[in-house]
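Just below is one structure, and these are the notes that go with it.
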There are 2 protein chains.
Amino acid sequence: MTESRFSTTREPGKPRTSRATRGGRASRAREGDKRERILRAATRVFARKGFYATKVSEVAKAAGVADGTIYLYFKNKDDLLVSLFEDRIMLLLAALERALAERPTPEERLRCVIEMQLGLLEGERDLAEVITVNLRQSTRLMKQYAAPKFMLYLDAIARVVAEGQKAGAFRTDVSPHLMARTIFGALDGIIMTWALGKAEPGGLSRASTQVADVLLAGLLAKKER
Amino acid sequence: MTESRFSTTREPGKPRTSRATRGGRASRAREGDKRERILRAATRVFARKGFYATKVSEVAKAAGVADGTIYLYFKNKDDLLVSLFEDRIMLLLAALERALAERPTPEERLRCVIEMQLGLLEGERDLAEVITVNLRQSTRLMKQYAAPKFMLYLDAIARVVAEGQKAGAFRTDVSPHLMARTIFGALDGIIMTWALGKAEPGGLSRASTQVADVLLAGLLAKKER
DNA sequence: GTTCCGTGACTGAATCACGATTCAGTACGA
DNA sequence: TCGTACTGAATCGTGATTCAGTCACGGAAC
């Protein structure tokens, strides 16, 4: 299992024949996408117990499916975690791109990045916990599978910084990629302590403003000196 | 094993009778502190394979001791990880306090924090990886055991910020604790991507300056407007 | 100086529980 | 009846932990 190179979520078992588009007719009193149900349940359970301490059977129970069903949608337990991360970060990325589309100035754009990352998780404490804490389970997972998608996200942030520099709004003596990591890390750290601690409601959005203020002040082109 | 409340490293097996002070006479061609040897080996192996993917027997082999010996010094595998983290962060904290003692101005002090955290790990890639990646293994570990020591460290940073505010050097419209998390997170994020990626030598110290510049600029009291 | 114990660190093969994964079978819609 | 989604009990490998011994040393007795 060291070199398992699970590529996709599991191609064969993608059970969706007729109700492919969505709830074809809701076969029972039941749900929509089963894959999504499993991901949601996994988020909840992983957050509460940690990835390695969680039994696949627990995720199954939480999702209301049989143990075996998990394996129809995911190659194995690792794949479940990685899929979770990839799915969510791609959602975040898409939402970010959409939001950025209507923010013209560099300053607004950077604030947007910060608000999005903190905002998305404000109502999703479990997801926050999984992403900031559990994802880092193993270096191997991180390096091999999650990293590419993660880099995409970092690149998006770096681009905002670089544009701001080109526009003359941000100081040019710092590396956009380094700043991207700095910004991401700062937000991640805040989310982590928030998720591990009290997680007071509204805490993240309040934090958002302060952090944005400081980072922006630090990045804005020096006027003097 | 869910509620194991391992307090100390293991009191009984603290093998050090005569050569208590240090290398009494080097019983063979061998080492110094065996506990330290194990911690060092664990750092190396955990970094390479991840905590959960690492077998206790692998740590033992890397340390050049028998499997059972690990259990003379650590209560169990979890305890090994937590001890590692606590040991190291306390070292970092001590080093930080020492270094801060000779930095009078708030600006210098904040730079000191940043340089220490990045600098300590510059030569210790494995340790960096364990702390930033592996430590977050499980929420449970983090919450129950590592958090207290971690908070001590965050508090130290927050104190530097608060002092700076009191001295009138830093803006006062942000929470010192939030800034501490921001700073820690930013550094942690940088270290993580550094450890997961190329880890070019000298990369961290170069990053150090840029990050410090930006964060400081963001924190310094606004002169105008 | 030599031999003989006693002590405690250290060893590592065997145990044994655990839990990921499988797959023979069920149920249901077409 | 066929095909497919789904089920969940049984399998089977794994690896943390244990513990019966071994080893080396220091001290005591000769």
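All heavy atoms count here, side chains included; hydrogens, waters and symmetry mates do not. Here is the naming used below: chain letters follow the sequence lines, and residue numbers restart at 1 for every chain.
- The interatomic distance linking A:Asn76 (CG) with D:dG13 (P) rounds to 18 Å, in whole Å.
- The backbone N or O of A:Val82 sits nowhere less than 3.5 Å from a side-chain atom of A:Lys149 that would complete a donor-acceptor pair.
- Checking D:dT7, C:dT11, C:dT21 against every side-chain atom of A:Thr69, the shortest atom distance belongs to D:dT7.
- Summarising the geometry, the separation between NZ on B:Lys61 and P on C:dG12 is reported as 12 Å, rounded to the nearest angstrom.
- Each of D:dC6, C:dT11, C:dT21 was ranked by its minimum atom distance to the side chain of A:Lys34; first place goes to D:dC6.
- Atoms NZ (A:Lys77) and C1' (D:dT14) sit 14 Å apart, rounded to a whole Å.
- Between C:dC10, D:dG15, D:dT7, one nucleotide has an atom nearer to the side chain of B:Lys55 than all others, and that is D:dG15.
- Candidate nucleotides D:dT7, C:dT11, C:dT22 were compared by shortest atom distance to the side chain of A:Tyr71, and C:dT22 ranks first.
- Atom C1' of nucleotide C:dG19 and atom CG of A:Leu80 are separated by 15 Å, given to the nearest angstrom.
- With respect to A:Glu58 and A:Lys49, a salt bridge is recorded, a charged nitrogen being found less than 4.0 Å from a carboxylate O.
- For B:Arg44 (side chain) and B:Asp126 (main-chain N/O), no donor-acceptor pair under 3.5 Å exists by modelled atom type.
- Judged by closest nucleotide on DNA chain C, B:Asp67 is the one of B:Asp67 and A:Val56 placed further toward the 5' end.
- Atom pair A:Asp79:CG and C:dA20:C1' shows a separation of 14 Å (rounding to whole Å applied).
- The side chain of B:Leu72 lies closest to C:dT11, out of C:dT21, D:dT18, C:dT11.
- No donor-acceptor distance shorter than 3.5 angstrom exists from the side chain of B:Ser208 to the backbone of B:Leu204, with no hydrogens or angles considered.
- Atom OH of B:Tyr52 is separated from atom C1' of C:dG19 by 14 Å (rounded to the nearest Å).
- The CD1 atom of B:Ile70 sits 14 Å away from the C1' atom of D:dT18 (whole-angstrom rounding).
- Look at CD on B:Glu58: it is 16 Å from P on C:dG12, rounded to the nearest Å.
- Using a 30° and 60° split on the angle between ring planes, A:Phe150 and A:Phe85 fall in the tilted class, from 30° to 60°.
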